[in-house]
*Asks:* 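Below is one structure. I have some questions about it.
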Amino acid sequence: MSLCKDCVSGVVHEGTPEGKWEKIGGVNSYVATPTIDYPKDKVVLLLTDVFGPQLINTQPTRSQRTASRSQPLLSTETHADLPQVIAPDYLMGDPIPPDALNPGSTFDIGVWFPNHGADVTRPILDKVIAALKQEGVVAFAATGYCFGGRYVFDLAFDGAIQVAATSHPSLLQVPEDLEKYHSKAKAPLLLNTCTVDQQFPLEAQAQADAILGGGKFAPGYKREYFEGCTHGFAVRGDLSDVRVKAGKEGAFKSTVEWFIKFL
């Protein structure tokens, strides 16, 4: 399995971050806490792309308050029945730097990728989940973007999460992972998909519908499709493009609604 050029393409958004960094189970994590009362026994895990929670695009920011641009922000402030959103730094402080998004960047993802496999990154997520359970959390939702989508599937396979959502997931084996999800996972699954996606192309999207759709996956399955968008749109999309902006906001809205329904 490997990543594609669109995994390291996109734009850096603007704003003033409003979350904060905390240690959870010894793991540096970016935390968005609601400003109103919220359920303390639930958590949303935000599993970032290769740019990690250090990239401002995945952090709640003041300028995004009314623009629906930040997954953690509105999910914690607008909806009283959603909990904290926690983005563990499962890339161990070594995400791909934001300047890799600059035109002409020579960053070599092929060198970076082998050092961030599931053998070193997944145990970090397990530490965070274990620590949160010790604090009284009993229900977990996970939303994953690109690289993080792989971990949403893996956590669901292991029964570690109760609700799953992913936008333009990377590193999936199709149809094997879809068939495994059908046979093993219990978490309702939302897929936010798009037109141009080397990692989860139209053919894979159709296979997902065939395997999980039409009531075949009893816990719940839904796929949203955003026309004219490219892999990465939900987190690194160019918001000056009307279709990309609508896709990003639509993916966020569908994820929030999915979590409200099932978490």
Side-chain angles (χ1 to χ4, degrees), residues 1-19 21 28 30 46-73 87 89-117 121 143-151 166-172 192-202 204-205 224-252 255:
M1 295 186 291
S2 62
L3 300 173
C4 67
K5 65 178 181 63
D6 291 323
C7 293
V8 288
S9 300
V11 299
V12 177
H13 299 156
E14 298 179 350
T16 303
E18 293 187 336
W21 290 96
N28 209 24
Y30 196 82
L46 192 154
L47 308 180
T48 68
D49 61 12
V50 293
F51 294 91
Q54 291 86 352
L55 186 69
I56 195 171
N57 297 29
T58 58
Q59 299 175 0
T61 60
R62 189 171 299 114
S63 67
Q64 295 169 343
R65 185 179 303 282
T66 59
S68 301
R69 295 180 185 175
S70 174
Q71 293 77 258
L73 178 62
D89 182 15
Y90 66 122
L91 301 178
M92 306 165 292
D94 185 35
I96 291 178
D99 59 14
L101 294 171
N102 295 341
S105 170
T106 58
F107 187 89
D108 190 345
I109 194 171
V111 173
W112 179 91
F113 182 61
N115 297 318
H116 299 79
T121 51
T143 178
Y145 298 83
C146 304
F147 183 85
R150 169 73 260 176
Y151 295 85
T166 179
S167 298
H168 39 78
S170 296
L171 305 174
L172 296 182
N192 289 312
T193 64
C194 60
T195 307
V196 180
D197 192 340
Q198 293 183 40
Q199 291 288 321
F200 200 66
L202 297 177
Q205 297 170 32
E224 297 282 5
Y225 174 75
F226 297 98
E227 179 73 35
C229 291
T230 299
H231 180 87
F233 75 94
V235 69
R236 288 175 274 103
D238 182 354
L239 301 179
S240 67
D241 184 314
V242 174
R243 290 190 298 180
V244 173
K245 184 174 184 292
K248 178 173 173 52
E249 295 178 356
F252 165 74
T255 300

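Only a predicted model underlies this, so the values are computations on that prediction, with no experimental measurement involved.
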*Asks:* Ignoring hydrogens and geometry, is there a side-chain-to-backbone donor-acceptor pair from H13 to G237 under 3.5 Å?
*Replies:* yes
*Asks:* Which atoms form the tightest heavy-atom contact between A100 and F107, and what is the distance?
*Replies:* CB-CB, 3.8 Å
*Asks:* Quick check: does any side chain N or O of N57 sit under 3.5 Å from a backbone N or O of V235, one acting as donor and the other as acceptor?
*Replies:* yes
*Asks:* Restricting to side chain to side chain contact (heavy atoms under 4.5 Å, CB included), what partner residues turn up for C194, sequence neighbours left out?
*Replies:* D197, C229, F233
*Asks:* Hey, what do you get for SG (C7) to CZ (F147), rounding to the nearest 0.5 Å?
*Replies:* 10.0 Å
*Asks:* Is there a side-chain contact between D94 and N115, using heavy atoms and a 4.5 Å cut-off?
*Replies:* no
*Asks:* Determine the minimum heavy-atom distance between C4 and Q198, stating which atoms define it.
*Replies:* CB-OE1, 3.8 Å
*Asks:* Supply the atom-to-atom distance E227 CD to T193 OG1, rounded to the nearest 0.5 angstrom.
*Replies:* 10.5 Å
*Asks:* Going by the rule side-chain hydrogen bond (donor to acceptor under 3.5 Å, both in side chains), which residues pair with T230 if we only count those two or more places apart in sequence or in a different chain?
*Replies:* none
*Asks:* Shortest non-hydrogen contact from G149 to P169?
*Replies:* CA-CB, 4.1 Å
*Asks:* For Q54 and T48: C-alpha separation, side-chain torsions, deciding distance, then whether side chain to side chain contact (heavy atoms under 4.5 Å, CB included) applies.
*Replies:* CA-CA 9 Å; Q54 291 86 352; T48 68; over 6 Å; no
*Asks:* Counting C-beta onward and ignoring hydrogens, is there a side-chain heavy-atom pair between Y225 and T195 closer than 4.5 Å?
*Replies:* yes
*Asks:* Between NE2 of H116 and OH of Y90, what distance do you get to the nearest 0.5 Å?
*Replies:* 10.5 Å
*Asks:* Do W112 and V50 come within less than 4.5 Å of each other through their side chains, counting heavy atoms only?
*Replies:* yes
*Asks:* What's the spacing between L172 CG and R150 CZ if we round to 0.5 Å?
*Replies:* 5.5 Å
*Asks:* Whether the side chain of S105 engages the backbone of N102 through a donor-acceptor N/O pair (distance < 3.5 Å, no angle test) should be reported.
*Replies:* no
*Asks:* Less than 4.5 Å apart, any side-chain heavy atom of D6 and any of Q199?
*Replies:* no
*Asks:* Hey, does Y151 have a side-chain heavy atom less than 4.5 Å from the side chain of T121?
*Replies:* yes
*Asks:* Minimum heavy-atom separation for A234 and S167, please, with both atom names.
*Replies:* CB-CB, 3.7 Å
*Asks:* Going by the rule side-chain hydrogen bond (donor to acceptor under 3.5 Å, both in side chains), which residues pair with T106 if we only count those two or more places apart in sequence or in a different chain?
*Replies:* none
*Asks:* Are any of the side-chain heavy atoms of W21 and Q59 separated by less than 4.5 Å?
*Replies:* yes
*Asks:* Taking C-beta and beyond as the side chain, do R236 and V11 meet within less than 4.5 Å on heavy atoms?
*Replies:* no
*Asks:* Take F51 and Y145 through the test side chain to side chain contact (heavy atoms under 4.5 Å, CB included) and record every step on the way to the result.
*Replies:* CA-CA 10 Å; F51 294 91; Y145 298 83; over 6 Å; no
*Asks:* Once you round to the nearest 0.5 Å, how far does NZ of K248 lie from CG of D238?
*Replies:* 12.0 Å
*Asks:* Consider side chain to side chain contact (heavy atoms under 4.5 Å, CB included). Of L91, I109, D49, L101, which one does I96 pass it with?
*Replies:* I109
